[in-house]
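This report concerns only the one structure given below.
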Amino acid sequence: MLTLKQITEQTDKVIAGLNKKHFNGAKEAIEQVINLDKTRRAAQKQKDALAAEMNKLSKQIGAYFKEGNKEAAEAAKAQTADLKENIRQLDEQMTNAEQQIHDLLLTIPNIPYDLVPEGTGAEDNLVVKMGGEQTKLPENPLPHWELAKKYDLIDFDLGVKITGAGFPVYKGKGAKLQRALINFFLDRAQEAGYREIMPPTVVNAASGYGTGQLPDKEGQMYHCEVDDLYLIPTAEVPVTNIYRDVILDEAQLPIKNCAYTECFRREAGSYGKDVRGLNRLHEFSKVEIVRIDTPEHSQQSHDEMLAHVESLLVALELPYRILRLCGGDMSFTAAICYDFEVYSEAQQRWLEVSSVSNFDTYQANRLKCRYRTDEDKQIRLCHTLNGSALALPRIVAALLENNQTERGIHIPAALQPYTGFEWID
RNA sequence: GGAGAGAUGGCUGAGUGGUCGAUAGCGGCGGUCUUGAAAACCGUUGAACGGCAACGUUCCGGGGGUUCGAAUCCCUCUCUCUCCGCCA
């Protein structure tokens with residue numbers, strides 16, 4: 001969440017930022033926060049003064065009892081009743097205002113960087129780079145769900161039987177391809193200096209709040225009610241929450257972690273061609289990269305992450321483009337975000353395979369993830385960043401569709417050491 | 001699932017109603033000594049909020065209560081550990 005400091009010291013900038021993100025009622029919400037903060041400060045000031053008085057009196061009473069002066073002690077006791085009641089009331093005012101501020105802040109999204117383009121939706125995103133080459137497909141190319149059936153790689157109906165729609169069963173070379181991609185992505189991340197983490201795929205509510213999925217996306221996560229636990233929608237949640245309530249040393253930064261996990265998303269409200277085949281699943285595999293960094297260095301970290309993701313798509317020989325998302329299309333918590341899309345030849349559409357975001361201090365403030373500066377030992381909020389590197393299903397969709405030939409589906413050279421086969425036929 | 005124990009500062013671990021934000025050890029930082037390092041010795045070392053500052057307030061798992069005063073007493077919740085049972 002935004003810090004009170006940001007809101008009180010850069011009010012206009014915050015409001016402008018929220019407007020850029022198309023957050024309704026920005027001005028009202030911010031003004032409300034500021035007023036509540038004033039109320040809180042006033043209450044605290046008064047309370048602190050009275051509490052100091054109370055502490056003095058208590059010590060005095062203790063001293064009287066020690067020297068056996070009961071009369072003086074009782075007289076002093078009599079003075080405490082009013083003080084106590086006043087303190088109680090002021091404390092109530094204070095915690096009340098605090099709670100309201102906190103609740104309000106949870107509902108206010110992050111503000112975008114200047115670099116983020118104006119806009120309300122996908123059509124306003126800025127294409128910053130195109131790469132890779134479109135392949136020449138045979139006559140009447142098949143979409144990946146047909147190819148999956150033709151070569152018996154992925155069984156969607158079987159998934160429906162066992163679980164439900166959106167939970168496919170990978171079989172034979174289809175399953176091996178999944179494992180190959182996971183290992184390929186993890187190895188590449190390791191080469192780029194990321195430490196591998198294997199986190200739990202079920203998290204508590206505190207972790208959900210830490211990274212901002214709660215309360216914003218409550219309905220999008222699978223929830224185990226009996227234990228009040230959530231299935232993770234991305235490894236970002238457990239891996240970033242490693243650093244919840246942690247004070248790091250500046251020398252440790254940037255921290256670079258990666259993790260492969262299954263991801264679970266309810267995707268309530270999705271429909272149509274968007275959900276066909278592998279385009280949108282309830283469970284999928286993803287390798288995520290996560291960084292914790294200083295404010296000064298986070299931009300460079302972000303650039304490095306973008307370069308890393310791009311190198312994966314180049315290695316897989318897929319046509320791709322990189323988008324800088326506009327204010328209205330970015331996630332709740334992001335300050336700046338780039339999407340990577342691959343071109344699916346048979347569907348003739350772009351598929352999002354990665355989102356690489358810098359959250360500035362927004363997540364760190366919720367997480368209480370801070371670091372101590374080398375220079376003057378100050379405690380400051382970290383910046384957190386993460387990105388998919390990469391999500392499997394749409395990569396598989398594009399690989400199958402773009403590499404189909406009369407002979408079968410060709411596996412890109414970089415992946416062959418991992419699959420152990422060159423052709424799916 | 002049954003029984004028991006526990007939760008204190010970066011860590012270990014004292015503290016059972018009154019200058020306790022908290023003894024001590026380890027670790028960290030600074031210094032003395034040293035060509036350098038180690039050892040030894042000395043000093044220092046939590047966070048949040050308010051305040052220009054001096055300083056004040058709060059925090060000993062969370063919440064509530066008793067009291068002039070709570071780390072310490074009471075209630076409650078959560079979590080952890082040990083033993084037994086079950087089990088990949």
Side-chain angles (χ1 to χ4, degrees), chain A residues 1-9 33-106 198 200-210 214 224-230 238 241-253 255 262 292 361 364-382:
Chain A
M1 55 193 170
L2 297 175
T3 63
L4 264 178
K5 207 172 177 180
Q6 282 174 295
I7 291 174
T8 52
E9 290 178 7
V33 169
I34 289 173
N35 285 332
L36 284 165
D37 182 51
K38 279 181 187 155
T39 307
R40 199 198 94 253
R41 276 173 208 245
Q44 175 169 357
K45 211 170 169 178
Q46 284 183 60
K47 196 204 93 173
D48 283 359
L50 294 184
E53 207 175 313
M54 184 77 169
N55 287 340
K56 265 187 207 153
L57 211 49
S58 289
K59 275 180 190 164
Q60 190 60 249
I61 290 169
Y64 284 143
F65 273 123
K66 258 189 190 157
E67 63 194 41
N69 191 346
K70 280 201 170 165
E71 269 178 44
E74 290 303 329
K77 264 196 197 186
Q79 295 177 43
T80 62
D82 277 355
L83 266 179
K84 213 176 162 182
E85 174 58 17
N86 286 337
I87 290 171
R88 196 194 60 74
Q89 281 181 17
L90 286 165
D91 191 61
E92 201 176 293
Q93 277 179 36
M94 210 177 106
T95 49
N96 217 321
E98 232 160 47
Q99 184 63 46
Q100 285 185 60
I101 290 171
H102 183 77
D103 290 350
L104 206 52
L105 286 180
L106 283 180
M198 190 176 272
T201 44
V202 181
V203 296
N204 55 33
S207 293
Y209 279 99
L214 293 175
C224 307
E225 276 188 40
V226 277
D227 297 304
D228 194 23
L229 295 172
Y230 295 85
N241 270 281
I242 291 173
Y243 304 95
R244 171 151 48 88
D245 294 318
V246 167
I247 299 177
L248 299 154
D249 285 324
E250 185 171 353
Q252 294 174 263
L253 303 175
I255 284 171
E262 288 298 291
I292 315 285
T361 58
N365 189 32
R366 282 198 189 188
L367 290 161
K368 290 201 171 59
C369 171
R370 295 163 295 175
Y371 74 101
R372 199 182 291 279
T373 57
D374 280 342
E375 186 102 352
D376 49 7
K377 307 295 176 199
Q378 288 287 304
I379 290 176
R380 298 164 71 194
L381 288 172
C382 296

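Predicted model only: the values in this text are computed from it and were never measured. The figures that follow rest on heavy atoms only: side chains count, while hydrogens, waters and symmetry mates do not. Here is how names work: the chains are called A, B, and so on, in the same order as the sequence lines, proteins then strands, and each is numbered from 1.
- Put simply, CG on Asp228(A) is 12 Å from C1' on U78(B), counting in whole angstrom units.
- Ranking U19(B), G69(B), C49(B) by closeness to the Lys84(A) side chain, first place goes to G69(B).
- Using a 4.5 Å heavy-atom cutoff, the side chains of Asn55(A) and Glu53(A) are not in contact.
- Nucleic acid contact for Thr80(A): sugar-phosphate only, since backbone atoms but no base atoms lie under 4.0 Å from a heavy atom of the residue.
- Contacts of Met54(A) with the nucleic acid, taken as non-hydrogen atoms under 4.0 Å apart, involve only primed sugar atoms and P, OP1 or OP2.
- Each of Ala51(A) and Arg370(A) was matched to the nucleotide of RNA chain B holding its nearest heavy atom; the match closer to the 5' end belongs to Arg370(A).
- Here C49(B) presents its P atom at 17 Å from CD of Gln99(A), a figure rounded to the nearest Å.
- At a threshold of 4.0 angstrom between heavy atoms, the contacts of Ala52(A) are confined to the sugar-phosphate backbone, with no base atom among them.
- Between Lys59(A) atom NZ and A70(B) atom P the separation is 12 Å, expressed in whole Å.
- Rounded to whole angstrom, the span from the CE atom of Met94(A) across to the P atom of U58(B) amounts to 10 Å.
- Across all strands shown, Leu83(A) has no heavy atoms under 4.0 Å from either base or sugar-phosphate atoms.
- In terms of position along RNA chain B, the nucleotide closest to Ile379(A) lies nearer the 5' end than the nucleotide closest to the other residue of the pair Glu53(A) and Ile379(A).
- Across all strands, Leu57(A) comes closer than 4.0 Å to no nucleic acid atom at all (heavy-atom distances).
- Remark: G18(B) base-pairs with C68(B); criterion is Watson-Crick or G-U wobble with both hydrogen-bond distances under 3.5 Å.
- At most 12 heavy atoms of other shown residues, nucleotides or ligands fall within 6.0 angstrom of atom CD in Glu71(A).
- Salt bridge annotation for Lys70(A)-Glu74(A): absent, with no cationic side-chain nitrogen under 4.0 angstrom from a carboxylate oxygen.
- Here the P atom of nucleotide G28(B) and the CG atom of Leu248(A) are 18 Å apart, to the nearest Å.
- Formation of a donor-acceptor pair under 3.5 Å by the Glu250(A) side chain with backbone atoms of Asp374(A) is found in this model.
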